[in-house]
Visitor: 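My structure is below; once you've seen it, I'll send some questions.
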Number of protein chains: 2
Amino acid sequence: MTKARKAILKTLENVEEPISASELAKRLGDFCDPATVYRNLHYLEKNNLATSFILHCSEHGTERYYSSKEGNEHHHWFHCEQCHRFIDLGGCFYAEQVRQFEEKHAFTVHDHTFYLTGICQRCKQKLGL
Amino acid sequence: MTKARKAILKTLENVEEPISASELAKRLGDFCDPATVYRNLHYLEKNNLATSFILHCSEHGTERYYSSKEGNEHHHWFHCEQCHRFIDLGGCFYAEQVRQFEEKHAFTVHDHTFYLTGICQRCKQKLGL
DNA sequence: CAATATTTGCAAGTCATTTGCAAATAAAAG
DNA sequence: CTTTTATTTGCAAATGACTTGCAAATATTG
Ligand SMILES: [Mn+2]
Ligand SMILES: [Mn+2]
Ligand SMILES: [Zn+2]
Ligand SMILES: [Zn+2]
């Protein structure tokens, strides 16, 4: 494992929320090239050390967000459109529902995406909502 | 309502699956400029005549997919990574769950995204799976 | 029909992400 | 440890969906 790859994985592990590839590249700064960040994120995801999903937010546009993958769990998230933080909704709660859809429609599901967007409690208060 | 806008809306209404902006532009061909398609899709969505979601597929990349909006309903979809068709999973079944998350975390949800990706029945057969 | 507001085409930009390639580094072999 | 081979990296250029400025064209208003 190269030093760039180790640094990227460690950064993912130290962050408690999904982080976008571009933000990750920014944090690594001169440590390695953005292209290296992108390539290694692909590597980590293919090797089950990270997961990702794409999310669009009006301020940051459409980006892919990554989390390190501990075990086989993945979580679902709420994204605040104001402060751009994520709130963990907990481990995946869709396994059974997905299975039912597979049965009903006879397709095979490889992946599912679920997330919420809105305004978090803190931002509501700040804005007096 | 301009003729470009009418044509775009009619195309959306005649299509039974979500359609990407670029595919829509391709279908309209010389009828209007791609920029006009993008601008009108924004217009239609802002005026509650269409809805959209972004989805990544390895073959077509990350794109926004649009559907015409009849009433206030929105549907969730399965996307086949092989034939790139969508299968309707039915009207939204998350209203209650979203409400519970709002209560639990005290945030306000503006939108939610849910979709499945995988291989449809027909493609499984074709591939002998 | 004239005056005003909105929309369009076109060309140029934006921005996350990808890619070709030669140099640098890591892993395997001896 | 040194050589050989395989993988990874930086850099610069490309990609592709989407956006935007602007002047001409079309729609709406009165
Ligand atoms: Mn954001
Ligand atoms: Mn597709
Ligand atoms: Zn917030
Ligand atoms: Zn299929």
Side-chain angles (χ1 to χ4, degrees), chain A residues 1-12 15 17-67 79 81 84 86 113 115 117, chain B residues 1-12 18-67 79 81 84 86 113 115 117:
Chain A
M1 213 179 225
T2 69
K3 83 186 169 99
R5 189 166 291 169
K6 262 188 286 227
I8 290 165
L9 183 54
K10 177 171 287 182
T11 305
L12 278 187
V15 145
E17 301 175 26
I19 181 175
S20 70
S22 60
E23 171 66 23
L24 196 42
K26 200 189 302 170
R27 290 204 196 181
L28 290 172
D30 287 331
F31 189 78
C32 66
D33 193 84
T36 301
V37 173
Y38 284 103
R39 283 192 275 234
N40 276 313
L41 287 171
H42 289 324
Y43 172 91
L44 292 173
E45 189 157 28
K46 187 167 57 181
N47 290 81
N48 271 304
L49 296 167
T51 15
S52 73
F53 58 91
I54 40 161
L55 174 148
H56 175 92
C57 112
S58 55
E59 197 165 321
H60 296 102
T62 302
E63 288 186 278
R64 190 170 282 274
Y65 291 80
Y66 290 85
S67 310
H79 181 67
E81 293 161 337
H84 306 284
F86 285 89
T113 300
Y115 56 81
T117 56
Chain B
M1 213 179 225
T2 67
K3 81 187 171 102
R5 189 167 290 170
K6 261 189 286 227
I8 290 165
L9 182 54
K10 178 171 286 182
T11 305
L12 278 187
I19 181 175
S20 70
S22 60
E23 171 65 23
L24 196 42
K26 200 190 302 172
R27 289 204 196 180
L28 290 172
D30 287 332
F31 189 78
C32 66
D33 193 83
T36 301
V37 174
Y38 283 103
R39 283 193 273 233
N40 276 313
L41 287 172
H42 289 325
Y43 172 90
L44 292 173
E45 190 158 27
K46 188 168 54 182
N47 290 81
N48 271 307
L49 297 167
T51 15
S52 73
F53 58 91
I54 39 161
L55 174 148
H56 175 92
C57 113
S58 55
E59 198 164 321
H60 296 102
T62 302
E63 288 186 277
R64 191 170 281 275
Y65 290 81
Y66 290 85
S67 311
H79 181 68
E81 293 162 337
H84 305 285
F86 285 89
T113 300
Y115 57 80
T117 55

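Convention: sequence-line order gives letters A, B, ...; per-chain numbering from 1.
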Visitor: Between S22(A) and E63(A), is any pair of side-chain heavy atoms under 4.5 Å apart?
Guide: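 Yes, at least one pair of side-chain atoms sits under 4.5 Å.
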Visitor: Between H60(B) (NE2) and dA17(D) (P), how many Å, whole number?
Guide: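 So the two atoms are 10 Å apart, to the nearest Å.
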Visitor: Is there side-chain contact between L41(B) and L12(B), with heavy atoms separated by less than 4.5 Å?
Guide: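 Sidechains of L12(B) and L41(B): in contact.
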Visitor: Can you tell me if the side-chain N/O atoms of R64(B) get under 4.0 Å from OP1 or OP2 in dA17(D)?
Guide: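 For dA17(D), OP1/OP2 do not have a side-chain N/O of R64(B) under 4.0 Å.
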Visitor: Do the rings of Y65(A) and H79(A) sit parallel, tilted or perpendicular, given the 30° and 60° boundaries?
Guide: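 If you compare the ring of Y65(A) with that of H79(A), the planes turn out tilted.
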Visitor: Go through residues 23-32 of chain B and report each residue with a non-hydrogen atom lying under 4.0 Å from DNA chain C, sorted by number.
Guide: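 By residue number: F31(B), C32(B).
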Visitor: What is the distance, to the nearest angstrom, from the CG atom on D33(A) to the P atom on dT25(C)?
Guide: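 It works out to 14 Å between those atoms.
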Visitor: List in numerical order all residues of residues 34-47 of chain B for which some heavy atom is under 4.0 Å away from an atom belonging to DNA chain D.
Guide: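 The answer is A35(B), Y38(B), R39(B), H42(B).
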Visitor: Kindly compute the distance separating CG (L49(A)) from CD1 (I8(A)), expressed to the nearest 0.5 Å.
Guide: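 Those atoms lie 12.0 Å apart.
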Visitor: Looking only at heavy atoms, which two atoms of M1(A) and K6(A) are closest? And how far apart?
Guide: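 Here M1(A) and K6(A) meet closest at O-NZ, 3.7 Å.
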Visitor: What are the two closest heavy atoms between F31(B) and A4(B), and how far apart are they?
Guide: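 In this case the closest contact between F31(B) and A4(B) is CE2-CA, 4.0 Å.
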Visitor: Is any side-chain heavy atom of H60(B) less than 4.5 Å from a side-chain heavy atom of S20(B)?
Guide: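 Of all side-chain heavy-atom pairs linking S20(B) with H60(B), none is under 4.5 Å.
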Visitor: Under 4.0 Å, heavy atoms only, any strand: does T62(B) hit a base, just the sugar-phosphate, or nothing?
Guide: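 Touches sugar-phosphate only.
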Visitor: Hey, does E45(A) have a side-chain heavy atom less than 4.5 Å from the side chain of Y66(A)?
Guide: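 They are in side-chain contact.
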Visitor: Y65(A) OH to dA16(C) P: how many Å, rounded?
Guide: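 It is 10 Å, rounded to the nearest whole Å.
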Visitor: Heavy atoms from C-beta onward define the side chain here; which of dA16(C), dA17(D), dT9(D) lies closest to that of E63(A)?
Guide: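 Shortest atom-to-atom distance from the side chain points to dA16(C).
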Visitor: CG of L28(B) to OG1 of T36(B): how many Å apart, nearest 0.5 Å?
Guide: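 The OG1 atom of T36(B) is 10.0 Å from CG of L28(B), to the nearest 0.5 Å.
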Visitor: Does the side chain of L55(A) come within less than 4.5 Å of F86(A)'s, by heavy atoms?
Guide: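 SC-SC contact between F86(A) and L55(A) confirmed.
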Visitor: Quick one: pull up OG in S52(B) and NE2 in H42(B) and give me the separation to the nearest 0.5 Å.
Guide: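 It comes to 9.0 Å.
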Visitor: With the criterion being N/O to N/O and under 3.5 Å, what pairs connect the protein with nucleotides 27-30 of chain D, and how long is each?
Guide:
unit_1	atom_1	unit_2	atom_2	d
dT28(D)	OP1	M1(B)	N	2.6

